[in-house]
Amino acid sequence: MRWPDALRCLRHRNLRLFFGGQAVSLVGTWMQSVAQGWLVWQLTGSARMLGTIGFLSQIPVFLLGAWAGSLADRMPRRGIVLVTQANAVAQASLLAVLTLGGWVRAWMILPLAFMLGLTYAFEIPARQALLGDIAGEDMPNALALNSTLVNAARVAGPALAGVLVAAVGPGWAFALNALSFAGTLRALLVMELPPFVPRPRAPGPHLRAGFAWAFRTPRVRALLLLLAVSSVFGVSYVALLPVLAAKVLGGGPGLYGLLQSSAGVGALGGGMLLMARGTVAGLERRSAVGATVLGAGILAASISRHAGLTGAALVVAGFGYVTQTAGTMTWLQAVSPPDMKGRMMGIFSTLFVGLAPFGALGGGLAAARFGVPLTLGAGAVVVLLASGAYHHALSRRPGTARPEAAA
């Protein structure tokens with residue numbers, strides 16, 4: 001079968017299996033995210049609690065993500081992903097049983113959020129490195145398609161969750177998420193992969209060598225630092241959306257789901273533009289532009305008091321978010337040595353996902369004291385200042401945005 005150029009990576013059977021399983025499970029993941037946020041808000045009415053839940057669900061990535069990336073360079077990546085997916089099924093099933101049985105209390109969600117964070121810590125670097133392995137020369141296109149699927153699910157999942165939570169409550173969203181992993185597990189089991197051959201261990205500490213390469217390479221270091229700023233001060237807006245929907249805009253779970261979907265629409269557009277690219281040349285600069293767009297979108301959302309305008313601002317923020325994060329990940333995979341891809345994805349996940357809980361926790365505390373609009377606006381300004389500094393530095397060194405210049 002001839003595939004359009006934007007979908008050229010689907011000529012590989014393993015990638016069709018990979019993305020087929022992902023398409024279903026990602027919708028379930030976003031459904032659970034929205035349902036859990038609304039459940040916590042219903043149980044507590046606390047922005048501080050929302051921030052704490054966000055912190056616990058991501059702090060394991062900060063603590064273990066880089067080490068998990070090192071494991072992904074030394075152990076079979078498919079096996080790691082299978083184990084983490086099974087853990088996600090168990091977590092969603094426990095949450096569904098507690099909620100549908102009427103036993104759930106806010107404190108119970110804390111350890112379950114940490115349990116899900118452990119899944120993310122080991123799954124993200126192993127899955128991204130596995131995707132790079134099976135994509136071969138179509139790696140940039142495969143990573144862009146992966147981002148597009150994530151954000152297509154970000155459109156569908158929250159919208160479905162908003163309807164489902166309003167109609168029958170959040171418990172069924174958790175149950176459907178547990179069932180959604182069946183396709184991913186089957187796809188991983190039937191993939192035809194070459195036998196895993198452990199890479200020779202380089203002299204010296206394995207993990208330290210990955211950090212040393214990343215932070216002594218100027219272009220890689222600068223883009224990772226910009227990603228860290230966006231993760232702490234920009235992405236924290238996600239944890240505050242239930243409060244924004246309920247207290248600032250006066251809506252319910254339906255509006256909350258629509259706001260999440262609005263960000264997903266923008267992110268989907270950013271992913272599709274990345275799919276259309278035939279090369280990673282210039283992707284470093286494009287990623288930095290994404291940070292600027294992310295900050296601008298969040299700033300507009302913090303000013304708006306109208307649901308439609310807030311949704312439009314989140315479309316912009318979502319576009320910038322995926323342009324920066326997916327662009328950074330793709331560029332990093334392109335310039336990383338083959339024997340360091342797992343470690344680079346571990347460092348990426350530590351900065352992208354692992355730092356976000358600090359932003360969620362700080363954002364929750366700040367929102368409780370100063371309000372959601374001021375908290376979002378202050379974070380957006382920090383992101384805009386950091387991206388402006390990056391653009392200024394890049395303009396003073398013309399020609400260094402090519403991937404081959406990273407070395």
dist Trp41:CH2 -> Gln36:CD (nearest 0.5 Å) comes out at 15.5 Å
Rounded to the nearest 0.5 Å, the CE atom of Met191 sits from the CD1 atom of Ile134 at a distance of 4.5 Å
Backbone N or O of Leu351 within a donor-acceptor pair of the Ser231 side chain at under 3.5 Å?
yes
A quick test of your reading: do over 12 heavy atoms of other residues, nucleotides or ligands sit less than 6.0 Å from CZ of Arg13?
yes
In short, Ala173 meets Ala35 closest at the heavy-atom pair CB-CB, 3.7 Å
In short, Ser287 meets Thr328 closest at the heavy-atom pair OG-N, 3.2 Å
From the list Thr84, Val61, Asn87, side chain to side chain contact (heavy atoms under 4.5 Å, CB included) with Glu123 holds only for Thr84
Taken to the nearest 0.5 Å, the spacing of His12 NE2 from Leu17 CG works out to 13.0 Å
- Verify side-chain contact (heavy atoms from CB on, under 4.5 Å) between Leu193 and Arg77, making sure each step is shown before the conclusion. CA-CA 11 Å; Leu193 300 177; Arg77 291 162 179 169; over 6 Å; no
Take Tyr120 and Leu64, measure what side-chain contact (heavy atoms from CB on, under 4.5 Å) needs, and give me the verdict at the end. CA-CA 10 Å; Tyr120 292 149; Leu64 301 171; over 6 Å; no
Margin query: Would you say that more than 12 heavy atoms from the other residues, nucleotides or ligands in this model lie under 6.0 Å from the CZ of Arg221, or not?
Written below: yes
To the nearest 0.5 Å, atom CZ of Phe348 lies from atom CG of Leu223 at 9.5 Å
- Contact check, side chains of Leu259 and Leu249, non-hydrogen atoms, under 4.5 Å: yes
Of all heavy-atom pairs linking Thr375 and Gly363, the shortest is CG2-O, 3.7 Å
Ser33 side chain to Thr29 backbone, donor-acceptor under 3.5 Å:
no
Residues Leu43 and Ala106: closest non-hydrogen pair is CD1-N, 3.8 Å
- Message: With heavy-atom distances below 4.5 Å as the criterion, would you say the side chains of Leu98 and Met108 are in contact?
- Response: yes
query: Counting distance only, does the side-chain N/O of Thr184 pair as donor-acceptor with the main-chain N or O of Gly21 below 3.5 Å?
result: yes
For Val383 and Ser230 the tightest heavy-atom approach is CG1-OG, 3.9 Å
Hey, does Leu225 have a side-chain heavy atom less than 4.5 Å from the side chain of Tyr390?
no
Rounded to the nearest 0.5 angstrom, the CZ-CZ distance for Phe114 and Phe55 is 9.5 Å
With a 4.5 Å limit on heavy-atom distance, are the side chains of Leu309 and Ile303 in contact?
no
Rounded to the nearest 0.5 angstrom, the CE-OG distance for Met31 and Ser180 is 8.5 Å
query = Has the side chain of Arg78 got a donor or acceptor atom that lies under 3.5 Å from a matching backbone atom of Leu188?
reply = yes
**Item:** Pairwise side-chain contact, Phe18 with Asn146, heavy-atom cut-off 4.5 Å (strictly under)
**Value:** yes
Kindly determine whether His391 and Thr292 satisfy side-chain contact (heavy atoms from CB on, under 4.5 Å), including the steps that lead there. CA-CA 10 Å; His391 289 300; Thr292 305; 3.2 Å; yes
query: Leu185 versus Leu82: any side-chain heavy-atom pair under 4.5 Å?
result: yes
What I'd like to find out is whether the side chain of Trp67 reaches to under 4.5 Å of the side chain of Phe122, using heavy atoms alone. yes
Notebook entry, point to check: Does the side chain of Val293 reach to within under 4.5 Å of the side chain of Gln324, using non-hydrogen atoms?
Noted result: no
| task | List the steps, then state whether side-chain contact (heavy atoms from CB on, under 4.5 Å) holds for Trp331 with Arg286. | result | CA-CA 10 Å; Trp331 188 83; Arg286 175 71 67 88; over 6 Å; no
Heavy atoms of Pro170 and Thr99 approach each other most closely as CG-CG2, 4.0 Å
